[in-house]
Asks: 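Below is one structure. I have some questions about it.
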Amino acid sequence: MPSYLWWPLLAWLLPLTGALGSRIHLWPWWVGFTLCLASALIGLGLLLRLPWRRRRTTNLWPDLWGIVPMLLPLLFLVQALRAPLINDVSTDPYHPPRLQWAEQLRTAQDLPINAAPLQAFANNPGPLYTHASSDEVLAEAEELMTELGWRVMETPGGLNAVVTSPWFGFEDDVALRVFAGPKETRVDMRSASRQGRSDLGANRARIQDFLIRLSEHLGQAYKPNLKY
């Protein structure tokens, strides 16, 4: 293999190896992040040497391909700047659903479970209301969680689940609570990260996406606009 291909190849191999190793638990998540950072530094080096390479060759494609992995940490940085510094989101931040399964699963290496009240922020997701019975809601919610590949456990008055992210294999904890009122059934949800002070908006997006899907399954459900 020509020597000029080594650096672009390494720029691609490092993040792929880092993410795969973290996902199959060969090393902690921060090792995978460090490898991604090293890949970004290689990409930056390839970017800075482009003017020098242009004077020596017209074939710049290997260098350009080696710069592409640098976009991954930049994307993380943009998401971190746009998202609030939060890792535990609920439709009811003052009385969030209990993460009962997480109490058993979390280890000393994981973040402790946050006590109520949780931090509320602009565009905090709100609960779902439906005329379906609590049993119907729980049955549809469990089926949907299973379809999404979540590990699910039944709890009194709701469901708990564990969600594994596709890239680094991060495990997040989810709780869904169903309350049957005199006229409507209220559905509250909570999603919390086990690692990292910022979830880059993942928990909020997960709750919103799931409740939209659940609403479509139930029919005639709605979400009021709540301000916290």
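Keep in mind it's a predicted model, so treat the numbers as computed, not measured.
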Asks: Any chance you could measure L41, atom CG, to M70, atom CE, to the nearest 0.5 Å?
Replies: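 That separation rounds to 10.0 Å.
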
Asks: Are L20 and L10 grouped together when hydrophobic residues (ILVMFWY) are joined by side-chain heavy atoms under 4.5 angstrom apart?
Replies: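 Yes, L20 and L10 fall within the same hydrophobic cluster.
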
Asks: For N160 versus L99, what's the shortest heavy-atom pair and its separation?
Replies: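 Taking N160 first and L99 second, the nearest heavy atoms are OD1-C, 3.5 Å.
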
Asks: Can you measure from CD (E103) to CD (Q100) and round to the nearest 0.5 angstrom?
Replies: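 Reported to 0.5 Å precision, the distance equals 6.5 Å.
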
Asks: If I take atom CZ from residue R23 and atom OG1 from residue T164, how far apart are they, to the nearest 0.5 angstrom?
Replies: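 Between R23 CZ and T164 OG1, I get 6.0 Å after rounding to 0.5 Å.
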
Asks: Does W27 CH2 have over 12 foreign heavy atoms under 6.0 Å away?
Replies: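 Yes.
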
Asks: Just verifying a value: how many Å separate L218 CG and E136 CD, rounded to the nearest 0.5 Å?
Replies: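 One finds 8.0 Å between CG of L218 and CD of E136.
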
Asks: Under 4.5 Å between any side-chain heavy atoms of W12 and V68, yes or no?
Replies: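 Contact flag for W12/V68 side chains = yes.
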
Asks: With R194 as reference, evaluate V162, N87, L111 under the side-chain contact (heavy atoms from CB on, under 4.5 Å) test and give the passing residue.
Replies: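 Going through V162, N87, L111 one by one, the side-chain contact (heavy atoms from CB on, under 4.5 Å) with R194 is satisfied by V162 alone.
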
Asks: In terms of ring plane angle, is the pair F210 and W150 parallel, tilted or perpendicular, where the classes change at 30° and 60°?
Replies: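 Rings of F210 and W150: parallel, under 30°.
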
Asks: Under a single-linkage definition using a 4.5 Å side-chain heavy-atom cutoff for Ile, Leu, Val, Met, Phe, Trp and Tyr, are V31 and L37 assigned to the same hydrophobic cluster?
Replies: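 Different clusters: V31 never reaches L37 through Ile, Leu, Val, Met, Phe, Trp or Tyr contacts under 4.5 Å.
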
Asks: Determine whether a donor-acceptor pair (N or O, by modelled atom type, separation under 3.5 Å) exists between the side chain of N124 and the backbone of S90.
Replies: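 It does hold such a pair.
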
Asks: Would you say that I212 contacts E216 through its side chain, given a criterion of any heavy-atom pair below 4.5 Å between the two side chains?
Replies: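 Yes, at least one pair of side-chain atoms sits under 4.5 Å.
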
Asks: How about W65 and P8: do any of their side-chain heavy atoms sit closer than 4.5 Å?
Replies: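 No - every pair of side-chain heavy atoms lies 4.5 Å or more apart.
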
Asks: Please report the closest heavy-atom contact between L14 and A38, naming both atoms and the distance.
Replies: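 Heavy atoms of L14 and A38 come nearest at CD1-CB, 4.0 Å.
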
Asks: Shortest non-hydrogen contact from A161 to M145?
Replies: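 It is CB-SD, 4.0 Å.
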
Asks: Should V89 and L118 be regarded as members of a common hydrophobic cluster, given that ILVMFWY residues are connected when their side-chain heavy atoms come within less than 4.5 Å of each other, either directly or indirectly?
Replies: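 Each belongs to a different hydrophobic cluster.
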
Asks: Given side chains that start at C-beta, do those of P15 and C36 come closer than 4.5 Å, heavy atoms only?
Replies: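 Answer yes - side chains close enough.
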
Asks: Just verifying a value: how many Å separate D88 CG and I86 CD1, rounded to the nearest 0.5 Å?
Replies: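 If I round to the nearest 0.5 Å, the distance is 7.0 Å.
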
Asks: If you compare all heavy atoms of S191 against all heavy atoms of N203, which two are closest, and at what distance to 0.1 Å?
Replies: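 Between these two residues, the closest heavy atoms are OG-OD1, 2.6 Å.
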
Asks: Measuring from M189:CE to Q208:CD, what's the distance to the nearest 0.5 Å?
Replies: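 Here the rounded value is 11.0 Å.
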
Asks: Determine the minimum heavy-atom distance between R151 and W101, stating which atoms define it.
Replies: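 Closest pair (atom of R151, atom of W101, distance): O-CZ3, 3.4 Å.
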
Asks: Has the side chain of T130 got a donor or acceptor atom that lies under 3.5 Å from a matching backbone atom of T185?
Replies: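 No.
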
Asks: Is there side-chain contact between L159 and L138, with at least one heavy-atom pair below 4.5 Å?
Replies: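 Answer yes - side chains close enough.
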
Asks: Please check if the number of heavy atoms outside F179 that lie under 6.0 Å from its CZ is greater than 12.
Replies: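 12 or below, so no.
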
Asks: Please report the shortest heavy-atom distance between A11 and G66, naming the atom on each side.
Replies: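 What the structure gives for the nearest pair is CB-O, 3.4 Å.
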
Asks: Are any of the side-chain heavy atoms of L50 and L64 separated by less than 4.5 Å?
Replies: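 In short, these two side chains touch, coming nearer than 4.5 Å.
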
Asks: Following the transitive rule for hydrophobic clusters with a side-chain heavy-atom cut-off under 4.5 Å over Ile, Leu, Val, Met, Phe, Trp and Tyr, establish whether L5 and W52 coincide in one cluster.
Replies: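 Different hydrophobic clusters.
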
Asks: Can you tell me which residue among R177, R190, R98 is in a salt bridge (Lys or Arg N to Asp or Glu O under 4.0 Å) with D92?
Replies: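 Result: among R177, R190, R98, R177 is the only option passing the salt bridge (Lys or Arg N to Asp or Glu O under 4.0 Å) with D92.
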
Asks: Between the main-chain N or O of L211 and the side-chain N or O of S215, is there a donor-acceptor pair closer than 3.5 Å?
Replies: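 No; zero donor-acceptor contacts below 3.5 Å.
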
Asks: Say whether, by atom type as modelled, one donor and one acceptor occur between the side chain of T91 and the main chain of G126 under 3.5 angstrom.
Replies: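 The answer is no, because no donor-acceptor pair under 3.5 Å joins these two groups.
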
Asks: With the 4.5 Å side-chain cut-off for hydrophobic clustering, are I67 and L48 part of the same group?
Replies: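 In one cluster: yes.
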
Asks: Is there a donor-acceptor contact under 3.5 Å from the side chain of R204 to the main chain of N123?
Replies: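 Side chain of R204 to backbone of N123: a pair is present.
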
Asks: Treating D199 as the side-chain partner and S193 as the backbone partner, does any N or O pair qualify as donor plus acceptor under 3.5 Å?
Replies: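 Checking the backbone N and O of S193 against the side chain of D199, no donor-acceptor pair under 3.5 Å is found.
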
